[in-house]
Protein chains: 2
Amino acid sequence: MSTTAAPVRDAATCCAAPLTAAPLDADEAARLAHVLKALADPARLRLLSLVAAADGAEACVCDLTEPVGLSQPTVSHHLKTLVDAGLLTRERRGSWAFYALVPGALDAVAGALQHPGR
Amino acid sequence: MSTTAAPVRDAATCCAAPLTAAPLDADEAARLAHVLKALADPARLRLLSLVAAADGAEACVCDLTEPVGLSQPTVSHHLKTLVDAGLLTRERRGSWAFYALVPGALDAVAGALQHPGR
DNA sequence: CCGCGGCATCGACGGGTGTCGATGTTGACG
DNA sequence: CGTCAACATCGACACCCGTCGATGCCGCGG
């Protein structure tokens, strides 16, 4: 747990190297793997899609627990993982915590996988 | 291990749903997560990039062990994971086993993450 | 036929991860 | 001020995963 003390925006820093262009050095591979590890879970993928499809592109925890069929602590844990990976933002309004997609984060990961140069 | 007896082209079947378009159902989330889990490892990312950058876009195990700094069994294990995920192909020629990228596999994963650019 | 080199598989070990219930914290509301 | 609701954190559990050395299998060359 707590492999990352400070919130690192890995999703923004991992997209420098197109995977198929040149061999990745260990550092960049670790950064990209960190973001992909946050994505490599069915529950987190569903949470991301639920947030993206929600009204206003944001959702609170109470709206996400039932669709994914997981307990509230587990959902909070997954959301924290996604925030730490730089894929989601968290905003507290009153008693609720609203999560929203980081614009361009998923696109950055996608661009790191394929060849963006076109 | 060996969650799939038959060779499933997860990388090809997981890209049907753009993540940000509509909520993923559990089945599609599991498929996409399977491929992403294969990608979510620094060693495997480096192996992929090494294969992509190799001459002829293919490489044998003996050429990959030293760059990633892992033992030969570990490299074979990672390559098997990538093959099972539908990201690499394996071809035996003589005593060597040559691995090559599956064309379009990475692009399919990338397309599943961002909205359909096309 | 025999040895050798390349590769896959096996068994084992340590660390990471997903999940839960219980509990703490914080803000809203009567 | 007391209570409730929403959320985060904690502790614990089972399970998966990355890694290694040892070993087995398979072609090739002598």
Side-chain angles (χ1 to χ4, degrees), chain A residues 1-5 7 26 29-30 32-48 50-51 54 58-85 88-100, chain B residues 1-5 7 26 29-30 32-48 50-51 54 58-85 88-100:
Chain A
M1 61 186 66
S2 74
T3 58
T4 58
L32 181 52
H34 184 214
V35 184
L36 288 172
K37 214 174 285 263
L39 287 171
D41 185 277
R44 286 195 285 268
L45 287 175
R46 298 189 71 187
L47 288 173
L48 273 181
L50 285 169
V51 170
E58 64 178 10
C60 61
V61 180
C62 60
D63 292 335
L64 298 172
T65 47
E66 324 106 15
V68 297
L70 295 174
S71 68
Q72 174 264 321
T74 302
V75 172
S76 275
H77 168 65
H78 284 316
L79 291 172
K80 176 180 169 56
T81 300
L82 291 170
V83 169
D84 286 350
L88 284 183
T89 57
R90 189 177 88 105
E91 181 192 359
R92 290 211 73 150
R93 286 206 299 269
S95 296
W96 292 270
F98 287 89
Y99 290 85
Chain B
M1 60 180 64
S2 73
T3 61
T4 59
L32 181 52
H34 185 214
V35 184
L36 287 172
K37 215 174 286 260
L39 287 171
D41 186 277
R44 287 195 285 267
L45 287 175
R46 298 188 71 186
L47 288 173
L48 274 180
L50 284 169
V51 169
E58 63 178 12
C60 60
V61 179
C62 59
D63 292 335
L64 298 172
T65 47
E66 324 107 14
V68 295
L70 295 174
S71 67
Q72 174 265 320
T74 301
V75 172
S76 276
H77 168 65
H78 283 317
L79 291 173
K80 175 180 172 55
T81 300
L82 291 169
V83 170
D84 287 351
L88 283 183
T89 57
R90 190 178 86 106
E91 181 191 2
R92 291 213 70 150
R93 285 207 299 268
S95 298
W96 293 271
F98 286 89
Y99 290 85

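All values below come from the heavy atoms of this structure, side chains included, with hydrogens, waters and symmetry mates left out. Here is the naming used below: chain letters follow the sequence lines, and residue numbers restart at 1 for every chain.
- Candidate nucleotides dC7(C), dC20(D), dC7(D) were compared by shortest atom distance to the side chain of A97(B), and dC7(C) ranks first.
- Between the CG atom of D63(A) and the C1' atom of dC7(D) there is a distance of 13 Å, rounded to whole Å.
- Rounded to an integer number of Å, the gap from E66(B) CD to dG6(C) C1' is 13 Å.
- One atom, CD of E91(B), and another, P of dA8(C), lie 13 Å apart when rounded to the nearest Å.
- A straight line from CG of L70(A) to C1' of dT17(C) spans 14 Å, rounded to a whole angstrom.
- The CG atom of L79(B) sits 10.0 Å away from the CZ atom of R90(B) when rounded to the nearest 0.5 Å.
- OP1 or OP2 of dG18(D) sits under 4.0 Å from a side-chain N or O of R44(B).
- The phosphate of dA8(D) (OP1 or OP2) has a side-chain N or O of R90(A) nearer than 4.0 angstrom.
- The side chain of S76(A) contributes no N or O atom lying less than 4.0 Å from OP1 or OP2 of dC7(D).
- A donor-acceptor contact under 3.5 Å links the side chain of Q72(A) to the base of dA8(D).
- When distances run from any side-chain atom of W96(B) to the nucleotides dT17(C), dC20(D), dG6(C), the shortest one goes to dG6(C).
- Of the candidate nucleotides dA8(D), dT19(D), dC20(C), dA8(D) has the atom nearest to the side chain of Y99(A).
- When distances run from any side-chain atom of S95(B) to the nucleotides dG5(C), dC20(C), dA8(C), the shortest one goes to dG5(C).
- Mapped onto DNA chain C by nearest heavy atom, G94(A) and T74(A) fall at different nucleotides, with T74(A) at the one closer to the 5' end.
- Between dC20(D), dC7(D), dA8(C), one nucleotide has an atom nearer to the side chain of C60(A) than all others, and that is dC7(D).
- Here the CG atom belonging to L36(A) is positioned 12.0 Å from the NZ atom belonging to K37(B), to the nearest 0.5 angstrom.
- Under a 3.5 Å cut-off, the side chain of R44(A) and the backbone N or O of A33(B) do not form any donor-acceptor pair.
- A donor-acceptor contact shorter than 3.5 Å is absent between the side chain of T81(B) and the backbone of A38(B).
- Relative to the side chain of P73(A), the nucleotides dG18(C), dG21(D), dT9(D) differ in distance, and dT9(D) lies closest.
- Note: CG (L82(B)) to P (dG18(D)) measures 10 Å, nearest angstrom.
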Full working for salt bridge (Lys or Arg N to Asp or Glu O under 4.0 Å) between E58(A) and R93(A): CA-CA 12 Å; E58(A) 64 178 10; R93(A) 286 206 299 269; 2.8 Å; yes
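- T65(B) places no side-chain N or O within 3.5 Å of a backbone atom of S71(B) that could act as its donor or acceptor partner.
- A sub-4.0 Å separation between OP1 or OP2 of dT17(C) and a side-chain N or O of H78(A) is absent.
- The NE2 atom of H77(B) sits 11 Å away from the P atom of dT9(C) (whole-angstrom rounding).
- Here dG18(D) presents its P atom at 13 Å from CG of L36(A), a figure rounded to the nearest Å.
- Remark: P of dT17(C) and CG of L79(A) are 17 Å apart, rounded to the nearest angstrom.
- Looking at which nucleotide of DNA chain C each of R93(A) and A40(A) is closest to, the 5′-most match is held by A40(A).
- Checked against dT19(C), dA8(C), dT9(C), the side chain of K80(B) finds its nearest nucleotide in dT9(C).
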